[in-house]
Enquirer: 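Here you go, one structure.
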Amino acid sequence: MLDLKFIRENSELVKQAIANKNEKADIDKLLELDEQRRKIIVEAEELKAKRNKVSSQIPQLKKAGEDVSGVLAEMKTVSDTISELDDKLRKVDEQLNDILLYIPNIPHNTVPVGKTPEDNVIVREWIPDGFSFDDDRKFSDHIELGKKLSILDFERGAKISGSGFPLYTGKGATLERALINFMLDVHINKHKYSEVFPPFLVNKESMIGTGQLPKMAEDMYHIEKDDLYPIPTAEVPITNMHRDEVLNEKDLPISYVGYSACFRREAGSYGKEARGFLRVHQFNKVEMVKIVKPETSYDELEKIVSDAEDILQALKIPYRVLLLCTGDLSFSAAKCYDIETWSPAEKKWLEVSSCSNFEDFQARRAKIRFKKEGGKKPGLVHTLNGSGLATSRLMVSLLENYQTIDGKIVVPDVLQKYTGFQIIE
RNA sequence: GGAGAGGUGGCAGAGUGGUUGAAUGCGGCGGUCUUGAAAACCGUUAAGGAUGCAAGUCCUUCCGGGGUUCGAAUCCCUGCCUCUCCGCCA
């Protein structure tokens with residue numbers, strides 16, 4: 001959420017930013033409501049001041065034996081008028097909020113302006129020793145490998161739940177678990193994040209806090225009976241840990257890492273893109289979340305990206321880092337880097353991580369503040385998060401890159417102590 | 001799921017219709033005292049909003065939402081959460 005005052009004072013800038021993000025919002029309507037709102041408040045507050053004053057005098061008048069019936073009648077009218085104004089205010093506030101909650105964050109000035117993914121900027125590329133894009137071996141894709149080695153069973157996953165719900169079996173299941181544990185350990189021990197294991201169902205307030213609702217409702221699962229949402233990412237529960245809290249400046253930055261299953265409806269995505277692991281309704285992800293002071297958030301963003309890259313370098317999987325353009329930037333983000341790994345069978349880059357700085361956009365929605373040293377007013381924190389990493393597409397790159405000529409999978413060195421085996425055959 | 005109890009400031013804990021934004025204690029901050037520290041004593045200690053150049057003034061907030069009343073932390077309804085007992089259960 002943007003600051004209403006900021007929008008009032010920078011309406012043209014906000015309009016431009018929204019257009020750059022390929023989004024829409026009726027800023028003029030918002031400003032009109034804002035004006036109405038303030039007018040009503042002034043009117044109502046004058047009456048409330050009067051009511052408070054007179055009400056406190058009534059006991060004294062009674063004590064003095066005076067007749068207060070006239071005053072009571074007058075105050076009744078005043079109170080009725082106040083109720084009317086409060087009702088009016090509530091309605092205006094609701095409309096105002098409806099618009100505010102749909103206004104996206106403003107891109108940072110280092111974000112390239114662009115419309116489509118083609119306008120994203122490749123920041124860097126990393127390949128392990130001995131790797132070549134021109135390798136002319138015949139690469140099996142992850143679906144063939146999964147089937148042949150009995151480690152992935154998409155058919156049965158679809159039978160149990162539906163398409164897009166992958167089933168790992170045998171050494172595939174072990175490998176998945178190894179990957180998650182390896183990533184968690186690196187972030188906890190090497191990068192010094194504190195570990196959390198969050199709930200997978202959250203309430204509406206949490207979904208609004210991080211910006212998934214109301215805008216992205218169609219992409220979320222919703223359990224109607226209990227009004228709970230299966231999380232699309234651990235970002236939601238972890239960032240919302242500190243919703244409605246005032247933190248101490250000395251406790252910042254806070255860095256959390258946690259594993260969760262992630263649930264996404266992916267409404268409207270069908271076809272080839274959805275094959276196997278490429279687009280699924282449930283996947284596993286290790287997520288990093290940071291809550292920081294505003295002045296450090298862009299340094300912290302670079303750190304999150306490098307922490308995520310560290311995993312891929314340890315796994316020796318080719319990847320590249322993209323700086324997303326304004327048009328490809330998500331609703332809540334001010335700046336975002338994507339990390340993509342190479343799939344030699346698809347001959348494509350696959351998104352395995354997204355690292356974003358939300359500045360105070362989520363903090364304002366979720367009311368996450370911090371008390372500055374020296375007793376100044378609490379200010380909004382900046383929040384960030386990054387996948388470190390999502391396993392499903394990473395598994396695609398891992399299986400494909402580590403396959404041998406005779407169709408086996410060599411387990412990456414760093415994972416072997418987690419799997420307990422060196423090869424899948 | 002059934003039966004009770006309760007949710008008050010950073011924390012603990014008073015307060016059952018009228019100067020209560022809220023006693024008291026602890027903690028925090030500032031000061032006096034001290035070579036320094038402790039103790040003691042004194043003072044101070046919420047957030048959000050409207051308005052204003054500012055100082056300030058005003059409004060709101062005692063879990064959330066409605067209601068009764070001239071007036072609500074206090075009464076009524078409702079939602080959420082916590083605790084105790086019972087039942088069920090990985």
Side-chain angles (χ1 to χ4, degrees), chain A residues 1-9 30-101 197-209 213 222-229 237 240-252 254 261 360 362-381:
Chain A
M1 194 156 67
L2 299 180
D3 181 16
L4 188 53
K5 253 185 219 146
F6 177 84
I7 300 174
R8 194 187 299 150
E9 285 155 18
L30 181 85
L31 294 175
E32 191 193 311
L33 288 166
D34 173 45
E35 211 158 301
Q36 274 184 45
R37 171 177 174 269
R38 286 182 293 156
K39 237 168 99 184
I40 296 168
I41 287 174
V42 169
E43 212 178 319
E45 286 192 351
E46 272 172 17
L47 290 175
K48 281 177 186 173
K50 181 177 180 185
R51 180 177 67 183
N52 288 344
K53 208 170 147 197
V54 174
S55 284
S56 70
Q57 287 167 353
I58 286 176
Q60 293 156 39
L61 291 174
K62 275 185 175 168
K63 218 182 251 173
E66 289 188 37
D67 176 27
V68 293
S69 59
V71 183
L72 294 191
E74 193 200 337
M75 283 305 106
K76 172 78 179 152
T77 334
V78 170
S79 273
D80 289 346
T81 313
I82 290 172
S83 302
E84 279 167 35
L85 288 171
D86 279 349
D87 282 348
K88 225 161 79 182
L89 181 62
R90 204 173 304 147
K91 276 184 197 127
V92 171
D93 268 341
E94 243 167 63
Q95 291 179 56
L96 203 63
N97 231 281
D98 275 352
I99 300 180
L100 265 181
L101 287 175
F197 205 131
F200 292 178
L201 301 184
V202 298
N203 57 29
K204 189 168 274 163
E205 287 72 28
S206 295
M207 292 291 269
I208 291 174
L213 290 182
H222 182 216
I223 297 165
E224 224 167 281
K225 193 165 185 185
D226 300 289
D227 201 15
L228 290 169
Y229 296 81
N240 275 283
M241 283 168 63
H242 296 295
R243 174 154 51 82
D244 292 320
E245 288 185 12
V246 180
L247 305 163
N248 288 319
E249 182 171 21
K250 66 173 162 41
D251 295 330
L252 302 179
I254 295 172
D360 62 13
Q362 292 181 329
R364 186 172 293 107
R365 286 176 165 242
K367 295 192 186 64
I368 308 173
R369 294 171 295 172
F370 72 105
K371 189 125 195 161
K372 295 172 195 164
E373 305 283 352
K376 285 191 197 130
K377 290 246 166 192
L380 292 167
V381 299

Enquirer: If pairing requires Watson-Crick or G-U wobble contacts with both distances under 3.5 Å, which nucleotide is the partner of B:U84?
Expert: B:A3
Enquirer: Specify the separation, in whole Å, of atom CD1 of A:Ile40 and atom C1' of B:U51.
Expert: 16 Å
Enquirer: Return the nucleotide paired to B:U74: Watson-Crick means purine N1 to pyrimidine N3 with N6-O4 or O6-N4, wobble means G-U with N1-O2 and O6-N3, both under 3.5 Å.
Expert: none
Enquirer: For atom C1', what is the distance between B:G7 and B:U74, given to the nearest Å?
Expert: 15 Å
Enquirer: Can you check the distance between B:U82 and B:G30, where both ends of the measurement are the C1' atom (answer in whole Å)?
Expert: 38 Å
Enquirer: Does the side chain of A:Asn203 come within less than 4.5 Å of A:Leu228's, by heavy atoms?
Expert: yes
Enquirer: According to the Watson-Crick and G-U wobble definitions, with both distances under 3.5 Å, which nucleotide is paired to B:C89?
Expert: none
Enquirer: Between atom NZ in A:Lys50 and atom C1' in B:G71, what is the gap in whole Å?
Expert: 15 Å
Enquirer: Can you tell me how far P of B:G10 sits from NZ of A:Lys250, to the nearest Å?
Expert: 15 Å
Enquirer: Please answer whether the main-chain N or O of A:Arg365 pairs with a side-chain N or O of A:Arg243 as donor and acceptor at a distance below 3.5 Å.
Expert: no
Enquirer: OP1 or OP2 of B:A47 less than 4.0 angstrom from a side-chain nitrogen or oxygen of A:Lys371, does that happen here?
Expert: yes
Enquirer: What's the gap between B:G17 and B:G10 when it is taken at their C1' atoms, as a whole Å value?
Expert: 30 Å
Enquirer: Could you give the distance separating B:G52 and B:U69 at their C1' atoms, to the nearest angstrom?
Expert: 35 Å
Enquirer: Which is true for A:Val42 with a 4.0 Å heavy-atom rule: it touches a base, it touches only sugar-phosphate, or it touches nothing?
Expert: sugar-phosphate
Enquirer: Applying a 3.5 Å limit to both distances, which nucleotide forms a Watson-Crick or G-U wobble pair with B:A39?
Expert: none
Enquirer: Sub-3.5 Å donor-acceptor pair from the side chain of A:Asp67 to the main-chain atoms of A:Ser69, do we have one?
Expert: yes
Enquirer: A:Ile82 CD1 to B:G67 C1': how many Å, rounded?
Expert: 16 Å
Enquirer: Rounded to whole angstroms, how far apart are NZ on A:Lys62 and C1' on B:G71?
Expert: 9 Å
Enquirer: Side-chain contact test, heavy atoms from C-beta onward, threshold under 4.5 Å: evaluate it for A:Leu213 versus A:Leu101 and give yes or no.
Expert: no
Enquirer: Is there a side-chain contact between A:Arg90 and the phosphate of B:G66, meaning an N or O under 4.0 Å from OP1 or OP2?
Expert: yes
Enquirer: Give none if B:C53 has no partner; otherwise give the nucleotide forming a Watson-Crick or G-U wobble pair with it, both distances under 3.5 Å.
Expert: none
Enquirer: Any ion pair linking A:Glu205 and A:Lys367 (charged N to carboxylate O, less than 4.0 Å)?
Expert: no
Enquirer: Just to be sure I understand the rule, does A:Ile41 reach a base, reach only the sugar-phosphate, or reach nothing, if contact means heavy atoms closer than 4.0 Å?
Expert: sugar-phosphate
Enquirer: Rounded to whole angstrom, note down the P distance from B:C76 over to B:U68.
Expert: 15 Å
Enquirer: So which one's nearest nucleotide on RNA chain B is more toward 5', A:Leu72 or A:Ala44?
Expert: A:Ala44
Enquirer: A:Phe370 CZ to B:G10 P: how many Å, rounded?
Expert: 18 Å
Enquirer: Hey, are the side chains of A:Met207 and A:His222 touching, using non-hydrogen atoms and a 4.5 Å cut-off?
Expert: no
Enquirer: Has A:Arg51 got a side-chain N or O lying under 4.0 Å from the OP1 or OP2 atom of B:U69?
Expert: no
Enquirer: Going by purine N1 to pyrimidine N3 plus the second Watson-Crick contact, or the G-U wobble pair, all under 3.5 Å, which nucleotide sits opposite B:C11?
Expert: B:G25
Enquirer: When the C1' atoms of B:A46 and B:A73 are considered, how many whole Å apart are they?
Expert: 16 Å
Enquirer: For the pair A:Asp93 and A:Arg90, find out whether any cationic side-chain nitrogen is under 4.0 Å from an anionic carboxylate oxygen.
Expert: no
Enquirer: What is the distance, rounded to the nearest whole Å, between atom NZ of A:Lys48 and atom P of B:U51?
Expert: 15 Å
Enquirer: Atom CG of A:Asp226 to atom C1' of B:C80: distance rounded to whole Å?
Expert: 14 Å
Enquirer: Using the P atoms only, state how far B:C41 lies from B:A22, rounded to an integer number of Å.
Expert: 24 Å
Enquirer: For B:U61, what is the paired nucleotide under Watson-Crick or G-U wobble rules, both distances under 3.5 Å?
Expert: B:A46
Enquirer: Taking 4.0 Å as the cut-off, does a side-chain nitrogen or oxygen of A:Arg369 come that near to OP1 or OP2 on B:A47?
Expert: no
Enquirer: I want to check one thing: is the phosphate of B:U69, taken as OP1 and OP2, less than 4.0 Å away from some side-chain N or O of A:Ser79?
Expert: no
Enquirer: Using the P atom as the reference point in each nucleotide, state the distance between B:C58 and B:G21 in Å, no decimals.
Expert: 13 Å
Enquirer: Backbone N or O of A:Asn52 within a donor-acceptor pair of the A:Ser55 side chain at under 3.5 Å?
Expert: no
Enquirer: Check this for me: does the side-chain of A:Glu45 come within 3.5 Å of the base of B:G49 through a donor and an acceptor?
Expert: yes
Enquirer: Within the pair A:Asn52 and B:G18, is there a side-chain N or O less than 4.0 Å away from OP1 or OP2?
Expert: no
Enquirer: B:U20 pairs with which nucleotide, Watson-Crick or G-U wobble, both distances below 3.5 Å?
Expert: none
